[in-house]
Protein chains: 2
Amino acid sequence: MYLEERRQAILNLIANHGRVSVSDLSARFDVSEVTIRADLQALAERGLLVRTYGGAISTTYSLQELSLLQRRQQHIPEKQRIGAAGAALIADGEAVFLDSSSTALAVAQHLKSRRDLTLVTNSLVIAQEMLGLTEITVVMPGGTLHHDTVSLIGPDGLAFLEKYHIRKGFFGAYGLSLDAGLTDGSAPESEIKRALVELCHTVIVVADATKWGRVGVTSYASLADVDTVITDDQAPSDLVAQVRAAGVEVVIV
Amino acid sequence: MYLEERRQAILNLIANHGRVSVSDLSARFDVSEVTIRADLQALAERGLLVRTYGGAISTTYSLQELSLLQRRQQHIPEKQRIGAAGAALIADGEAVFLDSSSTALAVAQHLKSRRDLTLVTNSLVIAQEMLGLTEITVVMPGGTLHHDTVSLIGPDGLAFLEKYHIRKGFFGAYGLSLDAGLTDGSAPESEIKRALVELCHTVIVVADATKWGRVGVTSYASLADVDTVITDDQAPSDLVAQVRAAGVEVVIV
DNA sequence: GTTTACTTTCGATTTCTTTCATTGTAAAAC
DNA sequence: GTTTTACAATGAAAGAAATCGAAAGTAAAC
């Protein structure tokens, strides 16, 4: 039996039983456990199964996709620094837009002590965060609730937003690259962002180092649309230099 | 059973029951309580559950804790009965409006197991409550966040809502009386309700016994606009009789 | 005969889990 | 309101199993 046959057989077993153990596979295919481990590692790297201690399980039974609640808890110190830097760009009396990314939420969290601010957002989480802060006016566009981003999405929201003169818009992104510009994971989410990039006088991208060079499903802006990028000190310096050469201000915190 | 499988099973249990206990999990999976605690800690660090003394609860359940409205809600069996009766009036596939009252929230809570529903609401609390229920479409009008009612209010939201064909609207009220009809505490809140009473084919008022005979600052509908009132068995029978005589169906639960 | 891809052996390490003693906590009983 | 009381959490230590790294073995391919 060849390596590829064995690995295919392992995948079949997982498809049928949901789980396999290293010792069982070793006995079944009459190879050492080390070999089986190499198989499982290779298959796991291709995302075909999830490795566990002692075996492997089907990807469908593995831990759930990251929700906003979980994304919120990733890269916390970086996001907080980025959030503080973003909030520092906002003057009292301004109207700003914040999108439904977890980094934009970090910006919002640093606005809590501010007064006389109009905050436009389609993120329910940001709205919730601002509850009780009566000095801050929170405006939301209408739309349909998207469960994964906890935000309101829809064409009617855009018409609503056009009435506002929004000075600055803060946008998160799934990825930030020279060719694809700013990219996101879902198309409808992208659409509302695309319209808002047009609408905002100043476009500020808040993105931690992990976003650099990554490309998502849909683009919502090119780098030419962007005025400022706020990122952390782990951002790859070659990419930062290239983006700066493209005329974008890059703030590193 | 592998570690990942056990942890996934714990998450499933929490998703179904809302809560788990360390001792139950220890017995169920036949591992020590120390191991379960390590599992819960790991899952809590990833934001997949919220740790409590003796067990853990769902993250969405703990978000509810944030809302005073909801906490108040949980201790009032009358509102729950009214909510259940209201939910029973809603057929699958319908589009319904729920306002930002705590009684309308009780209706929403009884819709959680339903499928193929469109729920229009200006209440952030209701939207939050429906998070993760992907079978239910939640639509919100645009507007400005009102901190006291945790709802979106504004003239633009109305134009947005006119596009929807909403069969049934559920309205709470500060007061319900023969002369003043349905009254509320704040004028802008009233305005959006007034428009929606016009819009909805069927107007259903959900109001516990304390609301009868009370009059608030502004009226948003007369009894002639109302099709059904759902209330509890403490409602004053003389008023109930008069309202029935005015042609309104009164459901007592 | 050498190269290449795959596999094995064998310690050293790591991971997972348990036990036990100690400290901490919530809520009932006073 | 405080004191009990029963239960829960934590830290340290230890054992069993799984994993990893590196070197060595095997067999087909060039």
Side-chain angles (χ1 to χ4, degrees), chain A residues 1-14 16-59 61-64 66 70 73-74, chain B residues 1-59 61-68 70-72 74-77:
Chain A
M1 172 173 254
Y2 298 123
L3 179 145
E4 290 305 331
E5 291 178 302
R6 190 179 58 238
R7 292 188 176 173
Q8 189 56 54
I10 291 174
L11 288 178
N12 287 340
L13 282 170
I14 286 197
N16 291 331
H17 298 88
R19 64 202 307 279
V20 291
S21 81
V22 171
S23 56
D24 278 0
L25 293 174
S26 168
R28 177 187 292 263
F29 298 119
D30 196 25
V31 294
S32 75
E33 299 197 339
V34 174
T35 300
I36 295 296
R37 285 189 198 105
D39 291 341
L40 295 184
Q41 183 173 359
L43 294 171
E45 277 170 9
R46 282 190 260 166
L48 298 169
L49 51 76
V50 171
R51 192 67 220 283
T52 66
Y53 197 75
I57 57 178
S58 156
T59 51
Y61 294 141
S62 76
L63 291 178
Q64 314 162 348
L66 291 183
Q70 300 147 41
Q73 303 187 348
Q74 293 190 322
Chain B
M1 172 171 253
Y2 299 127
L3 178 146
E4 279 79 4
E5 291 178 301
R6 191 180 58 238
R7 291 186 178 173
Q8 182 58 53
I10 290 173
L11 288 179
N12 289 340
L13 282 170
I14 287 196
N16 292 330
H17 297 85
R19 60 201 308 284
V20 291
S21 81
V22 171
S23 56
D24 278 359
L25 293 174
S26 169
R28 176 187 291 263
F29 298 120
D30 196 25
V31 294
S32 75
E33 299 197 340
V34 174
T35 299
I36 295 297
R37 287 190 194 103
D39 290 341
L40 296 184
Q41 184 173 356
L43 294 171
E45 276 169 9
R46 283 195 258 173
L48 297 167
L49 51 75
V50 172
R51 194 66 220 283
T52 63
Y53 192 76
I57 56 175
S58 138
T59 51
Y61 196 81
S62 79
L63 269 181
Q64 295 177 9
E65 297 285 315
L66 293 178
S67 163
L68 291 172
Q70 277 159 317
R71 198 183 298 171
R72 197 182 302 154
Q74 286 174 343
H75 299 304
I76 300 186

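Scope of the values below: all heavy atoms of this structure, side chains included, with no hydrogens, waters or symmetry mates. First the proteins, then the strands, lettered A, B, ... as listed; each starts at 1.
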- prompt: Which distance, rounded to the nearest 0.5 Å, do you find between the CG of Leu25(B) and the CD1 of Ile10(B)?
  reply: 5.0 Å
Nucleotides 24-30 of chain D: which of its N/O atoms have a protein N/O under 3.5 Å away?
none

statement: For Tyr2(B) and Gly55(A) the tightest heavy-atom approach is OH-CA, 3.6 Å
query: Reckon Ser21(B) touches a base, only the sugar-phosphate, or nothing at all at heavy-atom distances under 4.0 Å?
result: nothing
- request: May I ask you to test the Val20(A)-Ile36(A) pair for a side-chain heavy-atom distance under 4.5 Å?
  value: no
- prompt: When the distance from CG of Leu40(B) to C1' of dA9(D) is rounded to whole Å, what number comes out?
  reply: 12 Å
- prompt: For Asp30(A), does the CG atom have more than 12 heavy-atom neighbours from other residues, nucleotides or ligands under 6.0 Å away?
  reply: no
Inter-end axis angle, the helix from dG1(C)-dC30(D) to dC30(C)-dG1(D), with every axis fitted to five base pairs (rounded, 10 degrees): 30°
message: Are Asp24(B) and Leu13(B) packed together at the side-chain level, in the sense that at least one heavy-atom pair is separated by less than 4.5 angstrom?
response: no
Partner set under side chain to side chain contact (heavy atoms under 4.5 Å, CB included) for Thr52(B), not counting sequence neighbours: Ile57(B)
task: Can you tell me which residue pairs pass the salt bridge (charged side-chain N to carboxylate O under 4.0 Å, His left out) test with a partner in residues 37-58 of chain A, sequence neighbours excluded?
output: Arg6(A)-Asp39(A), Arg7(A)-Asp39(A), Glu33(A)-Arg37(A)
- prompt: Base, sugar-phosphate, or nothing: which does Ser26(A) touch, judged by heavy atoms less than 4.0 Å apart?
  reply: nothing
Length of the line joining Asp24(B):CG and dA8(D):P, which is rounded to integer Å: 10 Å
task: List in chain and number order the residues that pass side-chain hydrogen bond (donor to acceptor under 3.5 Å, both in side chains) with Ser26(A), two or more places apart in sequence or in another chain; answer none if no residue qualifies.
output: none
message: Between Arg37(A) and dT7(C), is there a contact of a side-chain N or O with OP1 or OP2 at under 4.0 Å?
response: no
task: Identify the two heavy atoms, one from Ser58(B) and one from Val50(B), that lie closest to each other, and give their separation to 0.1 Å.
output: O-CG2, 4.4 Å
- prompt: Which nucleotides of nucleotides 9-20 of chain C have their base under 4.0 Å from a protein heavy atom (B), which only their sugar-phosphate (S), and which neither (-), written as one string 5' to 3'?
  reply: B----BBSSBB-
message: I'd like to know if the side chain of Tyr53(A) and the backbone of Leu3(B) have a donor-acceptor N/O pair within less than 3.5 Å.
response: no
- request: Report the distance from atom CG of Leu40(A) to atom CG of Leu49(A), rounding to the nearest 0.5 Å.
  value: 6.0 Å
